[in-house]
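When reading the values below, keep in mind they use all heavy atoms of this one structure, side chains included, and skip hydrogens, waters and symmetry mates. Sequence lines set the chain letters: A, B, ... in the order given, protein chains first and strands last, and positions in each chain run from 1.
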Amino acid sequence: MLTPPIPVVLPLLMAALLAALHRMPRPLAFLLSILTTITVGAVAIALLNYSREEPLIVYWFGGWSPRQGSAPGIGFAIDTAGAMLVLLTSVLATASLIFSSRYFDTVGTLYHSLLLIFVAAMNGFALTGDLFNLFVFFELMSVAAYALCGYKSEEPGPLQGALNFAVTNTVGAFLALTGIALLYSRTGALNMAQIGRALGDRADTLVVVAFALIACGFSVKAAIVPFHFWLADAHAVAPAPVCALFSGVMVELGLYAIVRVYWTIFSGALATHEAEVRTLLATFGGLTAVTGALMCYAQRHLKRLLAFSTISHMGILLLGVALLTPQALAGVELYVVGHAFVKAAMFLAAGILLHRTATLDEIELARRPRRLWVPAALLVAGAAGLAGAPTFGTFWGEMMIGGAAHGLRNEWIEGITFAASAATAGALFRFAARAFFGWGPARDPGSKIEELPDTQTGHRHTPAAMWVPAVGLMVAGLVAGLAPRLTGAALSSAIHLEDRAGNASRVLDHMAPYPPAVGDQPLMAGDVARGAGCLAAALLVAWLTLKSRAIFPAGRLRPAVRWLRDLHSGIIPDYVTWVMVGTAAFGAAAVLWLRG
Amino acid sequence: MTWLPYAVAIWLFLVGIYGVITSRHFVHLIICLSVVQSSTYVLLLGIGYRVGAAAPVFVDIPPGTPAVDPVVQALMLTDVVVEVTVTALLLALAVLAHERTGKLDPNKLGILRG
């Protein structure tokens, strides 16, 4: 069987070809790259289909399969979640490529090359079963992402954003690599399943420190507070179609790596300390959800607003991961898929808005509101999706995370999820109402807003190549939520992901695990009420904001919000300091709580 | 002296991070980042080192001779490749930023905030 390497090898080969023949006509480069991402998508569907019979597909490069439980070679270990992420990557990449064909005035073949390298690295990251390989794909994906982020290098903004992104993520990669080296020194293995088996069921200081370093390193990519600072800067300046990939898949892959590493390597060694792991991860998750929501509400630049909403939703996802149950992890999987479609469509909507009006500033748009129906409809539908309105993927995700939180008597997690979803969706409703319809005050008597001159003029029409992929993603996000047997499939995938011993015997001893038959989680009236209630709360937030005289009324939270905004200084040394503070806090808590 | 490489690795990591945090020049900052990365080289090689063992080239040594771990050396070489790529890209970005804004102080670029 040759399919597993295709999602990595094919885009890499095509990227090299495009770079070598970079004088080829643009339509040809466009066609070749689209064909590549569509082929990868087809392979991902084949893998997904196959994973229904075999929940963990193992592939050894060069046929170096394990002997006596020891793996000398590098292998892919493909679970349903990994195959789903590859499918998601190729769908979003296809939409981005179509969008890019009209978005840039001048785009070279190298753009397509970079995008394909980015796709290949993300696919490899999602599929690999080898810890060092994970680091290499992490770096490859990051380097391609830095270059894409600073692609519009004629402006200073993208350069600064790319530098912030690159330095912070490089520090994160070193943290992860140090953790990987420590694990190798303990076990002499790089295969994740083999390391997990070798660690046994006790964690001493070295293992706990390795866990902390790897978790913090990948948290930089996953934009967990206080490792998140690069994300808003990178998203604010990167081209909109690139942002769709950043927010839709790349950031989530950071969290997937944490999940994968925890459940294949550390879950045995830390099994006796599950309650402490839960508290530790949930603390960071809750902090991320709240900080992201507050910052999201306080933004007036659409792409920054969307970026902070991504941070907030990463917090919700980490809260789901922190519960450490299959039900919650299944919810996280569904939430990631639902969020990816909705968020990518909204970033493309931001690109359309920029194309038409040459600005993304809420206040500036409010002075001359224009009824641009396509981006307006996309933002309103997307806000409903972020609120977890019924039949979006996010709704099913929140339902399962909420159910798991309820079962563990951790209702506060449901509360934070509700509040963060309502605040981020409310901020988007507010933006749409003000920017497209001119509702609410456009001038704040209390705050000084500079009169920005309108130097550029927008285009008069939205090309079909721009609105079709955006609308297509949003519709796909809605329709995907209607697929039958969704919660049951996610639950079965999550059970397999968390089955450390079963996966290890599949990888190392060639023993096939038995796929369990799992039923759907029944839909309760309370779940629908929560989704609808969150939507109503978001509309209420937007309405109250537009009704008040200030632009961003934060009431007694105003000093806190101002302090938070000051922390996001755009200065690299500050960001690296925060990464180290976060690592020290996580590491200290891990060493104190998780040993023994 | 088995603890020495680990002490050196920790020292390089901390001193490099200190350099990044206090940096006032992008080129300085990027070189400090390389110093942080060298700590991972030392760590990896320190993990694979065995006292009195030969280099892992099995052509001219008799079978059964203890050799240092070749895996970590391969990891370190990969790590070097990664580092060169990242450093080259960062320096290119810094040069471009200098061309566009005339500034090289990471504290004074200040376009993105809040």
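- For Ile30(B), no part lies under 4.5 angstrom from a heavy atom of chain A.
- Looking at every heavy atom in both residues, Ala181(A) comes nearest to Ile47(B) through O-CD1, 3.2 Å.
- Nearest heavy atom pair, residue Ile571(A) against residue Pro106(B), reads CG2-O, 3.9 Å.
- The stretch residues 573-581 of chain A places Pro573(A), Val576(A), Thr577(A), Met580(A) near chain B, each with some heavy atom under 4.5 Å from a heavy atom of that chain.
- Counting heavy-atom pairs under 4.5 Å between each of Leu75(B), Val86(B), Thr78(B) and chain A puts Leu75(B) at the top.
- Of the inter-residue distances, the one linking Glu99(B) atom CD with Glu154(A) atom CD reads 12.5 Å to the nearest 0.5 angstrom.
- Listed options Leu89(B), Val82(B), Leu33(B), Thr40(B) were ranked by heavy-atom pairs under 4.5 angstrom with chain A; first place goes to Leu33(B).
- Annotation: residues 165-173 of chain A contacts chain B through Ala166(A), Val167(A), Thr170(A), Val171(A) [non-hydrogen atoms, separation under 4.5 Å].
- Highest contact tally toward chain B, considering only Leu177(A), Val237(A), Leu182(A), is held by Leu177(A) [criterion: heavy-atom pairs under 4.5 Å].
- Of the atoms belonging to Ser23(B), it is backbone heavy atoms, and not side-chain ones, that fall under 4.5 Å from chain A.
- Contact annotation for Val136(A): only side-chain heavy atoms (C-beta onward) come within less than 4.5 Å of a heavy atom of chain B.
- With a 4.5 angstrom heavy-atom cutoff, Leu564(A) does not touch chain B via any of its atoms.
- Using a 4.5 Å cut-off between heavy atoms, Leu90(B) touches chain A through backbone and side chain atoms alike.
- Residue Leu43(B) touches chain A through its side chain alone, counting heavy-atom pairs closer than 4.5 Å.
- Residues that satisfy the side-chain contact (heavy atoms from CB on, under 4.5 Å) test with Ser70(A), not counting sequence neighbours, are Gln194(A).
- In this structure, Phe13(B) CZ and Thr178(A) OG1 are separated by 5.5 Å, a value rounded to the nearest 0.5 Å.
- Residues in residues 5-21 of chain B take part in no side chain to side chain donor-acceptor pair (under 3.5 Å) pair, two or more places apart or across chains.
- Between the side chain of Arg100(B) and the backbone N or O of Gly157(A) there is no donor-acceptor pair closer than 3.5 Å.
- For Leu96(B), the parts sitting under 4.5 Å from any heavy atom of chain A are the backbone and the side chain alike.
- When the candidates Phe229(A), Tyr184(A), Phe135(A), Phe174(A) are compared by the number of heavy-atom contacts under 4.5 Å with chain B, Phe174(A) comes out ahead.
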